[in-house]
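Okay, structure first, notes after.
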Amino acid sequence: MSKWHVNIVSIFPSIFDSFISTSLIAKAVADNVISIDIFNPRDFAVAPHLKVDDSPYGGGPGMVMKPEPLVHTIEFIKARDRETRTILLSPGAPVFKQNDAKRISNYSSVTFVCGRYEGIDQRVSILSIDESLSIGEYILMGGEVPTMVCIEACARLIPGVIGNSQSLLEESYSSNSISEYPHFTKPRTYRGLEVPEVLLSGNHKDITTWRKKYSK
Ligand code: SAM
């Protein structure tokens with residue numbers, strides 16, 4: 001059993017192929033620290049038409065994701081993963097912040113539901129969704145990129161995903177007194193710009209004072 005299980009509901013599952021098979025997410029999956037399952041609502045669409053979208057009642061542009069394929073997909077997930085927290089990605093919802101990443105990384109199982117087209121039938125939210133989140137005040141084509149944003153932000157907080165857990169203590173939005181500060185690596189001089197002398201001094205007290213001074 002992994003420490004954090006993620007289900008993704010998307011009609012375009014291949015968008016996640018390289019995301020899951022690259023870098024730290026791939027390593028976390030290989031190490032069984034996190035596990036990810038992807039479900040395509042097209043596999044749960046209702047015969048005879050097997051449609052996942054339809055025109056909106058009341059008129060208007062675009063298509064709306066039909067309720068049955070989404071509700072059936074989430075019911076299927078819940079039948080095997082009863083405790084999963086269902087999260088709909090939605091541009092008008094409260095904006096996902098670092099505190100949400102912390103909170104969501106503490107659920108043992110999370111299900112991200114990706115909308116497409118004009119969005120999803122409201123009854124899916126009523127029947128199957130625990131909370132909705134936006135990644136910012138702009139409109140993307142679908143919930144897949146927002147889902148990747150949320151997974152990355154949460155996954156790096158799961159013990160074992162980031163190599164050096166100290167990194168999590170000293171960064172933007174951390175509760176530590178020193179948050180993100182300017183970083184430098186080799187070479188010591190680059191295009192006439194010198195690394196601040198104090199960082200070369202080996203004096204940890206002075207380095208901490210400098211980092212506090214320049215932390216954002
Ligand atoms: N008609 C919707 C509106 O005006 O709010 C926009 C729908 S958008 C084209 C299609 C899907 O992309 C949404 O259902 C949602 O899942 C996802 N999406 C788009 N922008 C997003 C954002 N900023 N945060 C989270 N999800 C977003």
Side-chain angles (χ1 to χ4, degrees), residues 4-20 22 24-25 34 36-46 49-78 81 84-107 109-158 161 172-173:
W4 197 55
H5 181 68
V6 178
N7 301 298
I8 299 169
V9 178
S10 165
I11 58 170
F12 295 117
S14 62
I15 291 179
F16 295 94
D17 287 351
S18 63
F19 176 71
I20 289 172
T22 309
L24 292 179
I25 296 289
I34 68 176
I36 301 177
D37 286 327
I38 307 185
F39 300 87
N40 188 341
R42 287 189 199 283
D43 297 333
F44 296 83
V46 179
H49 301 300
L50 301 177
K51 284 171 72 165
V52 292
D53 61 310
D54 214 326
S55 52
Y57 276 121
M63 302 294 267
V64 174
M65 290 185 80
K66 288 170 67 61
E68 308 94 317
L70 285 170
V71 170
H72 292 175
T73 309
I74 297 165
E75 281 176 351
F76 179 84
I77 292 168
K78 285 196 163 169
D81 192 357
T84 195
R85 175 87 175 168
T86 53
I87 299 176
L88 174 69
L89 285 310
S90 177
V95 173
F96 175 73
K97 301 221 167 90
Q98 186 66 19
N99 273 342
D100 295 303
K102 210 182 280 180
R103 175 175 60 80
I104 292 166
S105 68
N106 280 319
Y107 294 113
S109 169
V110 186
T111 298
F112 292 103
V113 180
C114 307
R116 277 272 157 177
Y117 314 119
E118 288 305 317
I120 69 168
D121 188 294
Q122 181 62 20
R123 289 163 293 185
V124 180
S125 294
I126 296 167
L127 292 168
S128 307
I129 298 297
D130 295 319
E131 68 176 297
S132 298
L133 288 171
S134 165
I135 61 156
E137 295 179 359
Y138 38 78
I139 311 292
L140 300 167
M141 293 177 186
E144 287 77 9
V145 168
T147 290
M148 289 188 248
V149 168
C150 295
I151 292 174
E152 273 214 14
C154 296
R156 61 195 299 285
L157 303 177
I158 307 284
V161 172
S172 310
Y173 309 116

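Both ligands and their constituent atoms are indexed starting at 1 by order of listing.
- Within the 4.0 Å heavy-atom cutoff, S90 counts among the residues contacting ligand 1.
- From the protein, the heavy atom lying nearest to atom 8 (S) of ligand 1 is L140 O, 3.4 Å.
- The protein atom (non-hydrogen) at minimum distance from atom 7 (C) of ligand 1 is Y117 O, 3.5 Å.
- Among all protein heavy atoms, the one lying closest to atom 24 (N) of ligand 1 is I135 N, 3.0 Å.
- Residues M63 and E118 are not in side-chain contact: their nearest non-hydrogen atoms beyond the backbone lie 4.5 Å or more apart.
- At under 3.5 Å, not a single nitrogen or oxygen of I120, backbone or side chain, sits near a nitrogen or oxygen of ligand 1.
- Against a heavy-atom cut-off of under 4.0 Å, G119 is close to the following atoms of ligand 1: 14 (O).
- Using modelled atom types, one finds no donor on one side chain facing an acceptor on the other under 3.5 Å when comparing S132 with S90.
- Against a heavy-atom cut-off of under 4.0 Å, G142 is close to the following atoms of ligand 1: 11 (C), 12 (O), 17 (C), 18 (N).
- With a 4.0 Å heavy-atom cut-off, ligand 1 is reached by the backbone of M141 but not by any atom from C-beta on.
- The pair R103-E131 meets the salt-bridge criterion, with a side-chain N (NZ, NE, NH1 or NH2) lying under 4.0 Å from an Asp/Glu carboxylate O.
- The side-chain heavy atoms of L88 and S125, taken from C-beta on, include a pair separated by under 4.5 Å.
- Looking from atom 15 (C) of ligand 1 to the surrounding protein, the closest heavy atom is L89 O, 3.1 Å.
- To the nearest 0.5 Å, atom CG of residue L157 and atom CH2 of residue W4 are 9.0 Å apart.
- Summary of contacts: the protein heavy atom closest to atom 13 (C) of ligand 1 is P91 CD, 4.0 Å.
- Looking only at heavy atoms of the protein, atom 23 (N) of ligand 1 is closest to Y138 O, 2.8 Å.
- Of the charged side-chain nitrogens involved, at least one lies within less than 4.0 Å of a carboxylate oxygen, so that D54 and K51 count as a salt-bridged pair.
- Of all protein heavy atoms, the one lying nearest to atom 4 (O) of ligand 1 is I139 CD1, 4.2 Å.
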- Query: Step by step, would you call I8 with I151 a side-chain contact (heavy atoms from CB on, under 4.5 Å)?
  - Reply: CA-CA 10 Å; I8 299 169; I151 292 174; 3.8 Å; yes
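- Contact annotation: for S134 versus ligand 1, heavy atoms closer than 4.0 Å belong to both the backbone and the side chain.
- For the residue pair T111 / T86, no side-chain donor-acceptor distance below 3.5 Å is found, with atom types taken as modelled.
- Side-chain contact between T84 and I77 is present, with at least one heavy-atom pair separated by less than 4.5 Å.
- Between I11 and Y117, the closest side-chain pair of non-hydrogen atoms falls below 4.5 Å.
- Looking from atom 2 (C) of ligand 1 to the surrounding protein, the closest heavy atom is E118 O, 3.4 Å.
- Heavy-atom proximity to G143, at under 4.0 Å, picks out these atoms of ligand 1: 12 (O), 16 (O), 17 (C).
- Taking a cut-off of under 4.0 Å to the non-hydrogen atoms of G115, the atoms of ligand 1 that pass are 11 (C), 12 (O), 14 (O), 16 (O).
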